[in-house]
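Below is one structure, written out as structure tokens; comments come after it.
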Amino acid sequence: MSEIRDILVTSALPYANGPIHIGHLLEYIQTDIWARFQKMRGHHCWYVCADDAHGTPIMLRARHEGITPEDLIARVAEEHRADFAAFRIDFDNYHSTHSAENRYYANLIYARNRDKGHISKRSITQAYDPVEHMFLPDRFIKGECPKCGAADQYGDNCEVCGASYSPNELKNPRSAVSGAVPEQRESDHYFFRLGDFEALLKDWTRGGGLQPQVANKLDEWFAAGLQEWDISRDAPYFGFEIPDHPGKFFYVWLDAPIGYMASFRNLCDSPRGRAAGLDFDHFWSKDATAELYHFIGKDIIYFHALFWPAMLHGADFRTPSAIFAHGFLTVDGQKMSKSRGTFIKARTYLEHLNPEYLRYYFAAKLGPGVDDVDLSLEDFTARVNSDLVGKVVNIASRSAGFITKRFAGRLAPTLCDTGLFDAFVQAGESIAHAYERRELSRAVREIMALADRANQYIDEQAPWVLAKQAGQEARLHGVCSLGLNLFRILIGYLRPILPGTAADAESFLRIGPLTWAALAEPLLDREIAPFKPLMTRVEPAHIAAMLEASKEDLSAARPASAIEPTNPHLARDPIGAVVDIETFAKLDLRIARIRSAGPVAGADKLLRLELDLGGETRTVFAGIRAAYDPRDLEGRLTVMLANLAPRKMRFGTSEGMVLAAGPGGKDIFILSPDAGAEPGMRVK
RNA sequence: GGCUACGUAGCUCAGCUGGUUAGAGCAUCGCACUCAUAAUGCGAGGGUCGGUGGUUCGAGUCCACCCGUAGCCA
């Protein structure tokens, strides 16, 4: 740890046409843990990311919603930022590929490669939608599988029999955009001559920056021969127009990785970047000495390990120090599934569970390889409860009481067992080594072994026995103070994984943000705050509720098909007359917790809800019985109109109204506030 | 279909370049303890290391084939 390193880290850019889900989070959490670790070690580590905002799917989605692509990506960016912040993904900068910086670097990288002869032009034949007047990407052509005949399959592969083929092999092809029969049309395209870089890439592959599994895969691609890469798309397209070829646009995958540079440039030019003296060239110039790492999923290795370094090299920029690929997330051993409720959005997770749990669980299972990671919900519950609540937090919990009650909250002036303390400090080297090599599961195992030793120590010393013996005050003081010191080291080691819990522990111990180096110095002869539970157990009921809510998301979500015409809800029920703010202010909307829900005898559409407003309880009858199982509602937060005149009904008085959307019957959806809202808060 | 990986106790995973009776956590069972968010400590049972064949004095660890899973095929 002698030398301070300059490190730039990225995660793959999430696509700006949908919400973040737990599969995405595997990567952001992995990267965030690694970046936080580097910062804790005192290195200058910068973690940047951006929304990937271009391409046909975004263009079509925006059109479908009746808004501009710019409005769509702005809205999605806000959602993404909120989700990342809630999971404590600590980006130093979060930008967009639809930005001035990205346009600049995309143009520059293209122009330099072109000037060196690495761009070629040729005409290709492609499916064309004569109604929409646009060329169709493979994903937007549907038809019958040429192998098994399954209907409604995409243009690149069949989800029924698994065959892969080219779109023109499809039987009865249709445009997924207009439904028209696609025509074959010619168009000029521009190609990046990847083959020009074979020697460079082979060199780079052998340079040690790749995982062995990834290098093997690359060898396969080298053996097959490097093909030219089509980097242009025809209008209409949402992206950057190629400067010297009007009507042609850069393919989204060309400017996506350039987004890493653009985000970093944006950071350099920000007040924060300038204050830190961030120098773009120090990180990106051909002879840059700073380290550059990209965390990615194994599905996009081709782009990051071949195209990206080649493009950079061709444009006289440096190549990445390493690419870190990870596997995919499965839930209970299977692909995430919408119908099983395991396609869990970040937002849905946050409504039910603490983000620290997921960060810990992923860390406990992530290694340096490209193996898939399984989120076993049963294991998740057991592991978090046992490791974090039962072992780690428990050490503080069982030591702190004595310190507070018997010693006025003051820690002992000396360590009573330096051997154990030193062993904990020394273990840090091995743990740091594991973090550095992204062996997060190993780091977690080693940390938990230390937690076991701390609990063993407390058991051996039996402070509860010492507390009852006269003349053992100093021993008791020493044992419990050591217990808290061991806890402090453990929390320090876990801090990259559990930033929220670590912050709470730091305020409990009344210390500043822990650094790795600070852990070697014990905390002595000073006051700590009274202990409050730092983490509560995972409740299986919350997991069940989360899965249920994920299924609800599905039924609430609009069909994915791009063919669907304009939104039917507005047509059926147009937006009402304008009101002024005073009129709105008369409505007192409050966050409420559904304390209990149950059927109403004699009313087959109603549920009786007991709503907790944080001190006041209201009874409300809501016509949602066909849409909700009462058990799923209990414990949920929702929004109610609190100052609606009470209304006497046959079964009792309804003291307010719960807000919900939808046509009625089974299709009715009550509102849920974001995590953090508490009963009684006013909605305004 | 081709390729790259992966397949170890009920569950989730360790097992470095092949070498003593295959390890951990959780779960299960027994005992102890009661400071702690019913948390902790001690102990026990539980695996022919996906299958078959091979290389070797010796294979979970190497090779071949088969089965299953994931990704890629630009």
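Below, read A as the first sequence line, B as the second, and so on, with proteins coming before strands; counting in each chain starts at 1. Note that the structure is a prediction, hence the values are computed from the model and not measured.
With rounding to whole Å, A/I458 atom CD1 is found 14 Å from B/C33 atom C1'. Between the CG atom of A/D138 and the P atom of B/C72 there is a distance of 14 Å, given to the nearest Å. At whole-Å resolution of the value, CG in A/D332 and P in B/U12 are 9 Å apart. We find that CH2 of A/W221 is positioned 10 Å from P of B/C72, with the value rounded to whole Å. One interatomic measurement links the two molecules: OH of A/Y457 to P of B/C33, which rounds to 21 Å at whole-angstrom precision. Computed from coordinates, the A/K217 NZ to B/C6 C1' distance equals 14 Å when rounded to whole Å. Atom CG in A/D371 sits roughly 7 Å away from atom P in B/A14 (whole-Å rounding). Put simply, CG on A/N455 is 14 Å from P on B/U37, counting in whole angstrom units.
Nucleic acid contact for A/D374: sugar-phosphate only, since backbone atoms but no base atoms lie under 4.0 Å from a heavy atom of the residue. At a threshold of 4.0 angstrom between heavy atoms, the contacts of A/P533 include nucleobase atoms, whether or not backbone atoms are also involved. Among the heavy atoms of the strands, none lies under 4.0 Å from A/M448. Across all strands shown, A/Q456 has heavy atoms under 4.0 Å from sugar-phosphate atoms exclusively, and none from any base. Contact annotation for A/L534: base contact, defined as any heavy-atom pair under 4.0 Å involving a base atom. Heavy atoms of A/V465 sit nowhere under 4.0 angstrom from any nucleic acid atom. Residue A/G401 is classed as having no contact, given no heavy-atom separation below 4.0 Å to the nucleic acid. Within 4.0 Å of A/G225, counting heavy atoms only, lies at least one base atom of the nucleic acid. Residue contacts for A/D372: at a heavy-atom cut-off of 4.0 Å it reaches the sugar-phosphate backbone alone, with no base atom in range.
Out of B/A39, B/G71, B/G41, the shortest distance to the side chain of A/N394 is found at B/A39. Checking B/U12, B/G25, B/G41 against the side-chain heavy atoms of A/K391 singles out B/G25 as nearest. The side chain of A/W464 sits closest to B/C35 out of B/C35, B/G71, B/G41. Counting only heavy atoms from C-beta on, A/F531 has its side chain closest to B/U37 among B/C11, B/G71, B/U37. When the nucleotides B/C13, B/G71, B/C35 are ranked by their closest atom to the side chain of A/K335, B/G71 comes out on top. The A/V389 side chain lies nearest to B/U37 when the options are B/C11, B/U37, B/G71.
Only the C1' atoms considered, B/U17 is 14 Å distant from B/A59, to the nearest whole Å.
The number of heavy atoms from other shown groups lying within 6.0 Å of NZ (A/K116) is above 12.
Side-chain N/O atoms of A/H294 and A/Y260 include no donor and acceptor closer than 3.5 Å.
The base-pairing partner of B/C6, taking Watson-Crick or G-U wobble contacts with both distances under 3.5 Å, is B/G68. B/A24 and B/U12 make up a base pair, with Watson-Crick or G-U wobble contacts both under 3.5 Å. In this structure, B/G43 forms a base pair with B/C29, meeting either the Watson-Crick or the G-U wobble geometry with both donor-acceptor distances under 3.5 Å. The partner of B/C57 is B/G19, by the rule that a Watson-Crick or G-U pair needs both atom distances under 3.5 Å. Taking a pair to require two hydrogen-bonding distances under 3.5 Å in either a Watson-Crick or a G-U wobble arrangement, B/C73 pairs with B/G1.
Side-chain N/O atoms of A/K365 include one lying less than 4.0 angstrom from OP1 or OP2 on B/C13. Between A/R442 and B/G15, a side-chain N or O to OP1/OP2 separation shorter than 4.0 Å is present. A close approach under 4.0 Å does occur between a side-chain nitrogen or oxygen of A/R537 and OP1 or OP2 of B/A39.
A distance-only check finds no donor-acceptor pair linking the side chain of A/R139 to the backbone of A/P57 [under 3.5 Å]. In this structure a side-chain-to-backbone donor-acceptor pair under 3.5 Å is present from A/W34 to A/E436. A/E27 places no side-chain N or O within 3.5 Å of a backbone atom of A/H326 that could act as its donor or acceptor partner. No side-chain donor-acceptor contact under 3.5 Å links A/Q211 to the backbone of A/V370. A donor-acceptor pair under 3.5 Å is absent between the side-chain atoms of A/D371 and the main chain of A/G327, judged by distance alone.
Positionally, the nearest nucleotide of RNA chain B for A/R398 lies more toward the 5' end than for the other of A/F328 and A/R398. Looking at which nucleotide of RNA chain B each of A/V393 and A/P212 is closest to, the 5′-most match is held by A/P212.
Between A/H245 and the options A/Y190, A/F240, A/F250, a ring pair (Phe, Tyr, Trp, His ring centres under 6.0 Å) holds for only A/Y190.
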